[in-house]
Enquirer: 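Questions regarding the structure given below will be posed in turn.
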Amino acid sequence: MSPADKNMPGLDLRSIPRIAVQAFCETKEVADIVEAAAADRRMVKAHTKVQTGGLAAAVDFYGTAPTPNLVIVESREGRDVILGQLDQLAENCDPGSKVIVIGHINDVILYRELTRRGVSEYMVAPITVFDLIREIGEIYYKPDAAPLGRTVAFVGAKGGCGASTLSHNVAWACAKTYNHEVVLADLDLAFGTAGLDFNLDPTQGIGDALAAPERVDDVYLDRLLAKCAENLHLLAAPATLDRAYEYDEAAFDPIIDATRTGVPIVVLDVPHLWTGWVRRVLRSVDEAVLVCAPDLANLRNAKNLADTLKQARPNDAPPRLVMNMVGVPKRPEIKPEEFAKALGLPITAQIPFDAALFGTASNNGQMIAETDPKSAVGETFRQLAQVVTGKHEIKKARRSPFAPLLARLRGAK
């Protein structure tokens, strides 16, 4: 570095990826530093929120709220108090969340104990804006750092069972529920519907990335993304038939890898195909969601898919089973419980057939929760978003004691 560069301490800093950051500060000085860092051009992709109260406030807050990608906590307490409060915080910390502690004592034993507990960094105040940005960058860009983003793939057991609609609604719910940046990648290159569902007509998308694999990185992909909603971006499919979409097995690897280094959640809308690249994508994701309608063809295909994925992913959880379009009037159906038993999978979520609700949302270019914010289906999508992002399992709704009476009244209409 030249002498001139040494007078510009931020010159060697890297841009911070699309992460959610929450800081709990005790002193105005540290709060001002965090806010100044959040305003820096290198933090423009990150969503940063600064709160007061320090480490103790963070313990209380995350007792009922999910933790973001990065938690920054300040404490002016001594070693024993800091370690005790961090142990409480760890009980509610989601897997994958990182923690930076800003303290006011230079204590080697404290530093060692914090490292042993998995804290990413201990910084001693006073700190500068560049100190903080540098530490955040080192957490997410060091060579042994795990990829940032969690990849979730939705695939239908049969064409027309609604896997694309579910993936779009769950991606939207992830962005709204957690205030995290989410990328939805439409991998159905010829017939993808994500642009229609979000009322968008992007001129660029995943086709451009596949055509220039040597250019693919997080910066290039940023230019290809179309904004669907706050915190939600779409990597759109071409949805044209002017070419044949035939790709090598590893063709999508650079795109998925680059996307997940820049955002916390990547939702993949996988078409109902069976090619080398589809098999590779489903085998490599963090969560595979199998969407099925309750009929015989779906059961046969779902059985084949579930068995194949279990064999290909022996060290991962089995695919999630979502039963969709349940209760179509006058259509003979396999009971969802029997369907799940045949597959050897529990039902993660069950979506009832509602032609009016889904049709209205589709025609308006909206998600279900936008069309009807009080819809039970919208709440199911929100809970499904929590499950596939590793937050918690869906809680079964309590059955109302008046349900049998209501059912009879509806039947009498």
Enquirer: Is the number of heavy atoms from other residues, nucleotides or ligands within 6.0 Å of CD (E214) greater than 12?
Expert: yes

Enquirer: Could you check if a side-chain atom of P238 sits within less than 4.5 angstrom of a side-chain atom of T240, using non-hydrogen atoms only?
Expert: yes

Enquirer: Mind jotting down which residue pairs meet the ring-ring contact (aromatic ring centres under 6.0 Å, His included) criterion with at least one end in residues 321-373? Sequence neighbours excluded, please.
Expert: none

Enquirer: Does D186 use its side chain to pair, donor to acceptor, with the backbone of A194 at less than 3.5 Å?
Expert: yes

Enquirer: Run the salt-bridge test on K341 and E337 with the 4.0 Å N-O cut-off and return the result as yes or no.
Expert: no

Enquirer: Taking E74 for the side chain and E26 for the main chain, is one N or O donor matched with an acceptor at less than 3.5 Å?
Expert: yes

Enquirer: Relative to the ring of F61, is the ring of F24 parallel (under 30°), tilted (30 to 60°) or perpendicular (over 60°)?
Expert: tilted

Enquirer: State whether D295 and R300 are salt-bridged, where the test is any N-O pair (Lys NZ or Arg NE/NH1/NH2 against Asp/Glu carboxylate O) under 4.0 Å.
Expert: no

Enquirer: I want to check something: taking the side chain as every heavy atom from C-beta on, are P319 and L345 in contact at a cut-off of under 4.5 Å?
Expert: yes

Enquirer: Before accepting this row, confirm whether a basic side-chain N of the pair K176/E230 lies closer than 4.0 Å to the acidic partner's carboxylate O.
Expert: no

Enquirer: When you measure from the side chain of N169 to the backbone of I368, do you find a donor-acceptor pair of N or O atoms at a distance under 3.5 Å?
Expert: yes

Enquirer: With a 4.5 Å heavy-atom cut-off, do S164 and D188 have their side chains touching?
Expert: no

Enquirer: Could you pull out the closest heavy-atom pair between Q204 and A236, with the gap in Å?
Expert: O-CB, 4.3 Å

Enquirer: Name all pairs fulfilling the ring-ring contact (aromatic ring centres under 6.0 Å, His included) condition that reach into residues 258-299, sequence neighbours left out, sorted by first residue then second.
Expert: F252-W277

Enquirer: Counting only N and O atoms by type, is there a donor-acceptor contact under 3.5 Å from the side chain of E333 to the main-chain atoms of V328?
Expert: yes

Enquirer: Backbone N or O of C161 within a donor-acceptor pair of the N324 side chain at under 3.5 Å?
Expert: yes

Enquirer: The criterion is side-chain hydrogen bond (donor to acceptor under 3.5 Å, both in side chains); which residues satisfy it with T371, sequence neighbours excluded?
Expert: Q366

Enquirer: Nearest heavy-atom pair of G205 and L224: which atoms, and what distance?
Expert: O-CD1, 3.5 Å

Enquirer: Can you list everything that forms a side-chain hydrogen bond (donor to acceptor under 3.5 Å, both in side chains) with N301? Sequence neighbours excluded, please.
Expert: none

Enquirer: Using the ring-ring contact (aromatic ring centres under 6.0 Å, His included) rule, take F191 and Y245 through it: C-alpha gap first, then chi angles, then the decisive distance, then the call.
Expert: CA-CA 11 Å; F191 303 106; Y245 299 103; 8.7 Å; no

Enquirer: If you compare all heavy atoms of T67 against all heavy atoms of N92, which two are closest, and at what distance to 0.1 Å?
Expert: CG2-O, 3.9 Å

Enquirer: How close do L221 and A258 get, counting heavy atoms only, and between which atoms?
Expert: CD1-CB, 3.5 Å

Enquirer: Given the rule in the salt bridge (charged side-chain N to carboxylate O under 4.0 Å, His left out) test, do D222 and R18 qualify, once you have shown the distances and angles that lead to the verdict?
Expert: CA-CA 11 Å; D222 254 358; R18 295 179 186 275; 2.7 Å; yes

Enquirer: Counting only heavy atoms from other residues, nucleotides and ligands, does the tally under 6.0 Å from CZ of R112 exceed 12?
Expert: no

Enquirer: Might you point out which heavy atoms bring N298 and C292 nearest each other, and give the distance in Å?
Expert: OD1-CA, 3.6 Å

Enquirer: Is a salt bridge present between R150 and E287, judged by a nitrogen-to-oxygen distance below 4.0 Å?
Expert: yes

Enquirer: How close do Y140 and N69 get, counting heavy atoms only, and between which atoms?
Expert: OH-O, 3.2 Å

Enquirer: Is it true that a side-chain atom of T389 and a backbone atom of A385 form a donor plus acceptor pair closer than 3.5 Å?
Expert: yes

Enquirer: Residues two or more places apart in sequence or in another chain: which of them pass side-chain hydrogen bond (donor to acceptor under 3.5 Å, both in side chains) with E379?
Expert: R382, Q383

Enquirer: Can you name the side-chain hydrogen bond (donor to acceptor under 3.5 Å, both in side chains) partners of R243, sequence neighbours left out?
Expert: none

Enquirer: Decide, yes or no, whether a salt bridge links E35 with K28 under the criterion of side-chain N to carboxylate O below 4.0 Å.
Expert: no

